[in-house]
Amino acid sequence: MKKIKKALVTGGAGFIGSNLVDALLEAGVQVVVLDNLITGHRSNLAEVLPKITFIEGDIRQRADVEDAADGCDVIFHEAAVVSVPQTVEDPIGSAAVNELGTLTVLDVARMQKTTRVVLASSCALYGDDPVQPKHEGLPARVQSPYALQKLSGEMYARLYCKLYGLETICLRYFNVYGPRQDPSSPYSGVISIFMDHSARQLAPKIYGDGQQSRDFVFVKDVVRANILAATAMAANGQVINIGTGHTVTINQLWETISRLFEITIPPCYESRRPGDIRLSMADVGKAGRTLGFEPAYSFEEGIKETFEWYGRRRNRK
Ligand code: NAD
Ligand code: UD1
């Protein structure tokens, strides 16, 4: 695969997408963003808007995707309903985006002769498989509509690769955190919520006993993995975990974040969320072998950079 010339980032106004846009611009790539701003924000792109083509549109609308993908050699597909509980509440609405929207992106890529599509998939599809760390050879054990929708996207991606020769790579992100993760909804990622609650001296909610654990990976590492996936020859047709191989429990997470903010507020424990996974740790061997990827940020470094960003964000308000 040659150098990327022009790339489409679906969901490019979101948390991961906007960080990816920054890195692509730094690498000299021409960037198009397609986003309907349902959870993303124009402000995430404020500094780069003059340098990119921003299309406010929807991946469920084929014409919007066709416009956005025109002349792009790579598509990074980030747009999705990202919250597990939200897909539990609205399985059909979320499937329209996560399944049919993804199929639309793949089909437009096929018709427009895009070289490669890199899909944002998720470790959620391993479910509560007792095997740890989770490796890509494990069967899917879906326990939420979200996981099933991501699995369907992966299967379509592999089918399009075999049937039509479209290069596809599915990256199974573990729990991503970092600057620009939006804390404003109860559906938001736990680190963003805990940062926001700490800054406002509010007690967080912990669902279940807080002993569930996650493999938290810093957004800049996820961005680097995406760019490697867009260019690595050996990656075509593969599904690859993107995590760190380490875990933190939700209780430990609150302790770490409240220590940074120098507060001592006990959390409120509530019942476990339906569809919630207990243990999640990535086997990152395949990412090393196929992409030459290793996470550069330790949890401590990533949390510190995230903490500083939430501090600056609060000062701006
Ligand atoms: P995000 O909500 O910040 O970004 C998603 C973006 O997609 C938003 O900007 C939103 O406005 C846009 N979008 C949603 N529906 C759309 C539609 N129909 N048409 C066009 N745009 C639409 O979330 P994120 O955390 O940046 O997630 C990016 C991707 O990574 C998603 O596919 C998500 O499932 C996946 N993922 C995220 C994590 C994580 O921990 N954050 C982990 C695994 C996988
Ligand atoms: C997250 C992502 C999902 C991704 C998956 C991969 C978001 C919103 N969701 O889902 O897109 O595919 O990782 O693993 O980014 N929790 C609390 N209190 C809170 C919020 C959460 O205790 O206020 C707990 C949850 O019950 C869960 C854990 O923290 O056990 C993580 O929750 P969350 O950040 O929503 O992530 P996932 O559900 O793992």
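In listed order, ligands and their atoms are each counted from 1.
The distance from ligand 1 to the heavy atoms of Leu37 drops below 4.0 Å at these ligand atoms: 11 (O). Near Cys123, with a cut-off below 4.0 Å to any heavy atom, the atoms of ligand 2 are 6 (C), 14 (O). The atoms of ligand 2 that sit less than 4.0 Å from any heavy atom of Asn175 are 1 (C), 6 (C), 13 (O), 14 (O), 36 (O), 37 (P), 39 (O). Listed by number with element, the atoms of ligand 2 under 4.0 angstrom from any heavy atom of Lys205 are 17 (C), 18 (N), 19 (C), 22 (O), 23 (O). Residue Ser122 approaches ligand 2 through these ligand atoms, each under 4.0 Å from one of its heavy atoms: 4 (C), 5 (C), 6 (C), 12 (O). Annotation for ligand 1: atoms under 4.0 Å from non-hydrogen atoms of Gly14 are 3 (O), 4 (O), 8 (C), 9 (O). Using a 4.0 Å cut-off to heavy atoms of Gly57, the atoms of ligand 1 that qualify are 19 (N), 20 (C). Distances below 4.0 Å separate heavy atoms of Gly40 from the following atoms of ligand 1: 8 (C), 9 (O), 10 (C), 11 (O). Remark: ligand 1 atoms within the under-4.0 Å shell around heavy atoms of Phe174 are 40 (O), 42 (C), 43 (C).
The part of Tyr146 lying near ligand 2 is the side chain, judged by heavy-atom distances below 4.0 Å. For Lys150, every heavy-atom contact with ligand 1 shorter than 4.0 Å involves the side chain, none the backbone. Counting heavy atoms closer than 4.0 Å to ligand 2, residue Ser188 contributes backbone atoms (N, CA, C, O) but none from C-beta onward. Under 4.0 angstrom from ligand 1, there are no non-hydrogen atoms of Cys123. Contacts between Arg172 and ligand 1 below 4.0 angstrom, taking non-hydrogen atoms only, are absent altogether. Contact annotation for Arg214 and ligand 2: only side-chain heavy atoms (C-beta onward) come within less than 4.0 Å of the ligand. Under 4.0 Å from ligand 1, the heavy atoms of Val97 that appear belong solely to its side chain.
Annotation: Gly189 places no N or O atom under 3.5 Å from an N or O atom of ligand 2; distance criterion only. The distance criterion of under 3.5 Å between nitrogen or oxygen atoms is not met by Ser280 with respect to ligand 2. The N/O atoms of Tyr187, backbone and side chain alike, include none that comes under 3.5 Å of an N/O atom in ligand 2. Note: no N/O pair closer than 3.5 Å links Ser83 and ligand 2 by distance alone.
Residue contacts with ligand 1: Ala13 is included, with a non-hydrogen atom under 4.0 Å away. Between Tyr177 and ligand 1 there is no heavy-atom distance shorter than 4.0 Å. At least one heavy atom of Ser121 lies less than 4.0 angstrom from ligand 1.
Exactly one residue among Leu24, Thr10, Ile16, Leu8 makes a side chain to side chain contact (heavy atoms under 4.5 Å, CB included) with Phe76. That residue is Leu24. Residue Gln149 forms a side chain to side chain donor-acceptor pair (under 3.5 Å) with just one option from Ser122, Ser121, Ser144, Ser94, and that option is Ser94.
A pairwise comparison of heavy atoms in Thr256 and Phe299 identifies CG2-CE2, 4.2 Å as the closest pair.
Around atom CG of Leu138, more than 12 heavy atoms belonging to other residues, nucleotides or ligands sit under 6.0 Å away.
For Phe15 and Tyr177, the distance between ring centers is not under 6.0 angstrom.
Of the protein's non-hydrogen atoms, the one nearest atom 22 (O) of ligand 2 is Tyr207 N, 3.0 Å. For atom 7 (C) of ligand 2, the closest non-hydrogen atom of the protein is Val82 O, 3.9 Å.
The cluster map of Ile, Leu, Val, Met, Phe, Trp and Tyr, joined by side-chain heavy atoms under 4.5 Å apart, puts Val105 and Leu100 in the same cluster.
Both tests pass for Arg110 against the ring of Tyr164: distance under 6.0 Å to the centre and angle within 45° of the axis.
Ring geometry, Phe194 versus Trp254: the interplanar angle exceeds 60°, so the pair is classed perpendicular (tilted spans 30 to 60°).
Here the shortest heavy-atom distance to atom 29 (O) of ligand 2, taken over Ile250, Ile206, Asp276, belongs to Ile250.
Side chain of Asn241 to main chain of Lys286: no donor-acceptor pair is present (N/O by atom type, distance under 3.5 Å, no hydrogens or angles).
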